[in-house]
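For reference, the structure discussed in these notes is given below.
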Amino acid sequence: MSQTREIKGLMSALIVPFDEQGKVNEKGLRQVIRHNIDKMKIDGLYVGGSTGENFMLDTVTKKQIFQIAKDEAKEQVSLIAQIGSPNLYEAIELGQYATDLGYDAISAVTPFYYKFSFAEIKQYYFDILDAVDNRMIVYSIPFLTGVDIGLSQFGELFAHPKIVGVKFTAADFYLLERLRSTYPDVLIYSGFDEMLLPALINNVDGAIGSTYNVNGLRARETMELAKAGKYEEALKAQNASNALISDIIDNGLYPTIKQLLVLSGCDAGPFLSRKPMASATEAQIANAKEIYKRHFGNK
């Protein structure tokens, strides 16, 4: 594997704006990438995840997003391409494409919808890595996929030399602690923004989340305070983040983040969602303006 750059730290799960025809708003996407790098000061981008509405996109559009992100970010931050799909052959094709572009790692959600056995899930990852010469981050998000992986099963995955970590988007902090203790050399990324601080206390290597597109600076503050052992101050920063996260969720996660990005200066045309996901309503747009004033008014 040629990719050797460190892939730790704070990473935004890249949000993607679409136009009225459901096509990628390229100019807007480039602005979002620049906003993440220049203003949010993130360490990396996780491209093609749930936040990017990936599972409603065709293969050509997924490749387009990977290419735009690499072209805009170049070597400024680390890049992880989420290539996972219930379609193994698409996952392999996307993994090869992202690797050829120079992505630092690939990631793949556990195959979902059908009730796959763990043996089938394990083989899915191994088949991808037989065909793709890159590092793999397992994407574990049980509340959306219905796939739970236990401690020993993670160990079977981590035994593969190319599987170097996990994006852990779950509330099972006992399992998180056991993973960290049992596999100290594996990269573990916190996947729930609202639980960043308790994940940091468990010594994760980084965090990947959707709200970091707009709340990266405060998330960074939380990380630095926790690293310095200033947990009371870190908790105050997490409290502030969670107040924002609550407002965003109450108003609609993706439409609100997109409107907050527009209010932050990413204004290249419509920032719509990909149908069947609904775009922001007039009420949501008005509420987003109030949320922006409440949480970012002095910035």
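The first residue in the sequence is number 1, and the count goes up from there. FYI, side chains are in, hydrogens and waters are out, and symmetry mates aren't considered; it's all heavy atoms of this structure.
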Flag yes if more than 12 heavy atoms outside [X] fall under 6.0 Å of its [atom1] atom; otherwise flag no.
X	atom1	result
Lys63	NZ	yes
Phe173	CZ	yes
Lys74	NZ	yes

Contact between [X] and [Y] at the side-chain level, heavy atoms closer than 4.5 Å - yes or no?
X	Y	answer
Thr169	Phe192	yes
Tyr189	Tyr46	no
Thr51	Tyr212	no
Phe168	Leu175	yes
Glu90	Lys62	yes
Asp172	Asp148	no
Asp185	Phe158	no
Gln31	Leu261	no

If only atom types and distance count, is the side chain of [X] paired as donor or acceptor with the main-chain N or O of [Y] below 3.5 Å?
X	Y	result
Glu177	Asn202	no
Gln238	Thr222	no
Ser190	Ala207	no
Asp43	Leu10	yes
Lys258	Leu272	yes
Asp205	Ile188	yes
Lys39	Asn36	no
Gln284	Thr281	yes
Arg135	Asp104	yes
Gln82	Val109	yes

Side chain to side chain contact (heavy atoms under 4.5 Å, CB included) evaluation trace for Ile285 with Val262: CA-CA 10 Å; Ile285 292 171; Val262 170; over 6 Å; no

Which heavy atom of [X] sits nearest to which heavy atom of [Y], and what is that distance?
X	Y	value
Tyr139	Ser50	OH-OG, 3.0 Å
Pro184	Ser181	CD-O, 3.8 Å
Phe271	Val32	CE2-CG2, 3.6 Å
Ser241	Asn215	OG-ND2, 2.9 Å
Phe66	Tyr97	CB-CE2, 4.2 Å
Tyr183	Leu151	OH-O, 3.1 Å

Does this structure show an ion pair linking [X] with [Y], if we count only N-O contacts that are shorter than 4.0 Å?
X	Y	value
Glu232	Lys236	no
Asp38	Arg34	yes
Asp130	Lys162	no
Glu53	Arg274	no

Please tell me whether [X] and [Y] are part of a single hydrophobic cluster in this structure, the criterion being side-chain heavy atoms less than 4.5 Å apart.
X	Y	result
Leu57	Ile80	yes
Leu200	Leu225	no
Val186	Ile163	yes
Leu101	Val24	yes
Met277	Leu14	yes

To the closest 0.5 Å, what do you measure between [atom1] ([X]) and [atom2] ([Y])?
X	Y	atom1	atom2	result
Tyr124	Ser85	OH	OG	6.5 Å
Leu157	Ser152	CG	OG	10.0 Å
Lys23	Thr61	NZ	OG1	9.0 Å
Leu29	Ile68	CG	CD1	5.0 Å
Ile37	Gln76	CD1	CD	4.5 Å
Phe154	Ile149	CZ	CD1	4.5 Å

Decide side chain to side chain contact (heavy atoms under 4.5 Å, CB included) for Leu253 and Ser210; before the verdict, give the C-alpha distance in whole Å, the side-chain angles of both, and the deciding distance to 0.1 Å. CA-CA 9 Å; Leu253 180 62; Ser210 56; 4.2 Å; yes

Starting from the C-alpha separation in whole Å, work towards a yes-or-no answer on side chain to side chain contact (heavy atoms under 4.5 Å, CB included) for Glu75 and Lys70. CA-CA 8 Å; Glu75 301 298 322; Lys70 178 61 178 178; 2.8 Å; yes

May I have the step-by-step check of side chain to side chain contact (heavy atoms under 4.5 Å, CB included) for Val47 and Tyr103, ending in yes or no? CA-CA 10 Å; Val47 186; Tyr103 272 67; 4.0 Å; yes

